There are 2 protein chains.
Amino acid sequence: MMDWEQIAECHKALADKTRLRILALLKVEELCVCELVEILNMTQPAVSQHMRKLKNAKLVKERRNGQWVFYSLDGSIYPFFQSVLETLPKMRSEIEELKKSGRKVVCD
Amino acid sequence: MMDWEQIAECHKALADKTRLRILALLKVEELCVCELVEILNMTQPAVSQHMRKLKNAKLVKERRNGQWVFYSLDGSIYPFFQSVLETLPKMRSEIEELKKSGRKVVCD
DNA sequence: CAAAAATATAAGTACATGCTTATATAATAA
DNA sequence: TTATTATATAAGCATGTACTTATATTTTTG
C-alpha cells in the first residue's frame with residue numbers, strides 16, 4: 001500500500017501545466033530534453049528541472065543514448081496514472097510540427 | 001474537453017497530505033468541519049481553508065444543515081477522480097473513533 | 001586533447017502555499 | 001436580544017515552487 005506522502009508527491013508532480021503537457025507529449029513517444037525545449041519553447045534548465053521532478057515522482061524514466069537523454073512514461077506504481085493520462089489533451093500535432101521542422105533527434 | 005489549467009488545479013488540490021486524508025474520510029461518509037477538526041486534530045481555520053480549496057477544485061460539494069456545513073465528495077467532472085480515491089488508504093476506523101467518543105454530529 | 005552539443009546543477013528572485021492568530025458571519029438557544 | 005456554537009475570512013509569516021542566469025558535467029567530434 002502507498003503512503004499519504006508518496007501519493008501527495010505524485011500529485012505535486014502533476015500539479016503544473018507544463019509537466020502535464022510534457023506527459024501528454026511522452027504519451028505519443030519518448031523525447032529528449034532538447035526536443036521538449038523546442039516544442040514547449042522554454043529554456044533548457046527549466047525543462048531539465050521539470051524532468052527531475054517527474055523522475056523523482058517516478059512518473060517518467062530516462063534512457064541515455066549518446067549525448068541525449070530520452071525520457072519516457074513510467075508511473076506504473078500509481079494505479080490511477082493511466083486514467084490521468086487519458087484525460088490529457090492530445091499533443092500529436094506538436095510532435096508532427098517538430099518532425100516537419102527537421103528538429104527531431106535521430107540517433108542509433 | 002478540459003483545459004490544462006483546470007487539470008493542474010485539480011492536482012494542486014490533491015497535492016497535499018491533509019486534503020488527501022479529508023477525501024479518504026469523505027469516502028466513508030459526509031462530514032462537517034468540526035468533525036474533521038476532531039479527527040485530523042487541526043485548527044478550525046486550517047480545515048476550513050482546505051475545504052475551500054477542495055470546493056474550488058470541484059472535488060467536494062457542501063450542504064448546509066442548521067449551523068453545520070456538511071461536505072461530501074463530488075469530483076464527477078474528472079474522469080480519473082474515482083481511481084484516485086480508490087488508491088487512498090482506508091479511514092473507516094478514524095470515523096468509528098469519532099462515533100465512540102460521542103463527538104459525531106447528529107442533526108435532522 | 002580541445003571544441004561543441006546536450007544535459008544537469010546552483011544561486012537568486014518573485015510568487016504560491018499552509019499554517020497561525022484575530023476577527024467576521026451565520027444559525028441556534030437561552 | 002444576547003450568548004453560544006459552527007464556520008469563514010483576513011493578515012502575517014515561514015517554507016516551497018518555477019522561473020532566470022551562470023556554470024558544471026558528460027559525450028561526441030575534429
Side-chain angles (χ1 to χ4, degrees), chain A residues 4-5 8-23 25-26 30-57 59-72 98 102-108, chain B residues 4-6 8-23 26 30-57 59-72 98 102-108:
Chain A
W4 299 109
E5 202 58 69
E9 275 314 305
C10 172
H11 288 293
K12 275 178 203 165
L14 294 168
D16 177 271
K17 210 167 57 169
T18 300
R19 286 192 294 272
L20 290 175
R21 292 180 68 206
I22 291 171
L23 293 173
L25 286 163
L26 297 183
E30 67 168 14
L31 293 167
C32 64
V33 177
C34 65
E35 292 172 322
L36 289 166
V37 166
E38 287 289 333
I39 297 172
L40 300 168
N41 197 28
M42 292 181 67
T43 65
Q44 176 270 317
V47 173
S48 268
Q49 286 159 20
H50 282 303
M51 298 321 291
R52 181 168 49 186
K53 293 219 164 186
L54 290 170
K55 196 178 60 171
N56 287 344
L59 295 178
V60 304
K61 53 183 189 296
E62 66 181 35
R63 170 179 79 86
R64 182 172 269 279
N65 188 330
Q67 61 197 145
W68 297 280
V69 176
F70 287 90
Y71 287 95
S72 57
L98 183 76
R103 285 175 185 141
K104 189 80 182 69
V105 169
V106 183
C107 54
D108 278 338
Chain B
W4 299 108
E5 203 59 68
Q6 183 167 19
E9 275 314 303
C10 173
H11 288 293
K12 275 178 204 165
L14 294 169
D16 178 89
K17 211 168 56 172
T18 300
R19 285 193 294 272
L20 290 174
R21 293 180 67 208
I22 291 172
L23 293 173
L26 297 183
E30 67 168 11
L31 293 166
C32 64
V33 176
C34 64
E35 292 172 323
L36 289 167
V37 166
E38 288 290 334
I39 298 172
L40 299 169
N41 196 30
M42 292 180 66
T43 65
Q44 175 269 316
V47 173
S48 268
Q49 285 159 21
H50 282 303
M51 299 320 292
R52 182 169 47 185
K53 290 216 168 189
L54 289 170
K55 197 178 59 170
N56 287 344
L59 294 179
V60 305
K61 53 183 189 293
E62 67 182 34
R63 170 179 80 86
R64 181 172 270 280
N65 188 331
Q67 59 196 147
W68 298 281
V69 176
F70 288 90
Y71 287 94
S72 57
L98 183 76
R103 287 178 184 140
K104 188 80 183 69
V105 170
V106 183
C107 55
D108 277 344

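Just so we're clear, the structure is a prediction, and the values are computed from it rather than from any experiment.
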If we fit an axis to the first five pairs and another to the last five of the helix from C:dC1-D:dG30 to C:dA30-D:dT1, what angle do they make, to the nearest 10°? 10°
Looking at residues 39-50 of chain A, who's got a heavy atom less than 4.0 Å off DNA chain D? A:Met42, A:Thr43, A:Pro45, A:Ala46, A:Gln49, A:His50
The criterion is ring pair (Phe, Tyr, Trp, His ring centres under 6.0 Å); which residues satisfy it with B:His50, sequence neighbours excluded? none
Taking A:Arg21 for the side chain and A:Leu23 for the main chain, is one N or O donor matched with an acceptor at less than 3.5 Å? no
Base, sugar-phosphate, or nothing: which does A:Tyr71 touch, judged by heavy atoms less than 4.0 Å apart? sugar-phosphate
Side chain B:Arg52, main chain B:Leu54, donor-acceptor under 3.5 Å: no
Note: for A:Lys53 and A:Arg64 on DNA chain D, the residue whose nearest nucleotide lies more 5' is A:Lys53
Qualifying residue, where the test is side-chain contact (heavy atoms from CB on, under 4.5 Å) with A:Thr18 and the options are A:Leu40, A:Val47, A:Leu36: A:Leu40
What integer distance in Å separates A:Leu54:CG from D:dA18:C1'? 13 Å
How close or far is atom P of D:dC19 from atom CG of A:Leu36, stated in whole angstroms? 13 Å
At a 4.0 Å cut-off to heavy atoms of chain A, the contacted part of DNA chain C spans C:dA5 to C:dA10
Distance from A:Leu31 atom CG to A:Glu38 atom CD, nearest 0.5 Å? 12.0 Å
Heavy-atom donor-acceptor pair, B:Arg19 side chain to B:Lys12 backbone, under 3.5 Å: yes
Find the distance A:Arg63:CZ to D:dT26:P and express it as a whole number of Å. 20 Å
To the nearest Å, how far apart are B:Gln67 CD and D:dA3 P? 17 Å
Tell me, please, which residues at least two apart from A:Glu30 pass side-chain hydrogen bond (donor to acceptor under 3.5 Å, both in side chains). A:Arg63
Could you state the CD-C1' distance from A:Glu62 to D:dT25, rounded to the nearest angstrom? 14 Å
Mind checking the SG-CZ spacing from A:Cys34 to A:Arg103? Nearest 0.5 Å is all I need. 11.0 Å
Excluding sequence neighbours, so at least two apart, what forms side-chain hydrogen bond (donor to acceptor under 3.5 Å, both in side chains) with B:Thr43? none
From CZ of A:Arg52 across to P of D:dA24 the rounded distance in Å is 17 Å
B:Glu35 side chain to B:Cys32 backbone, donor-acceptor under 3.5 Å: yes
Euclidean distance, B:Trp68 CH2 relative to B:Arg64 CZ, rounded to 0.5 Å: 11.0 Å
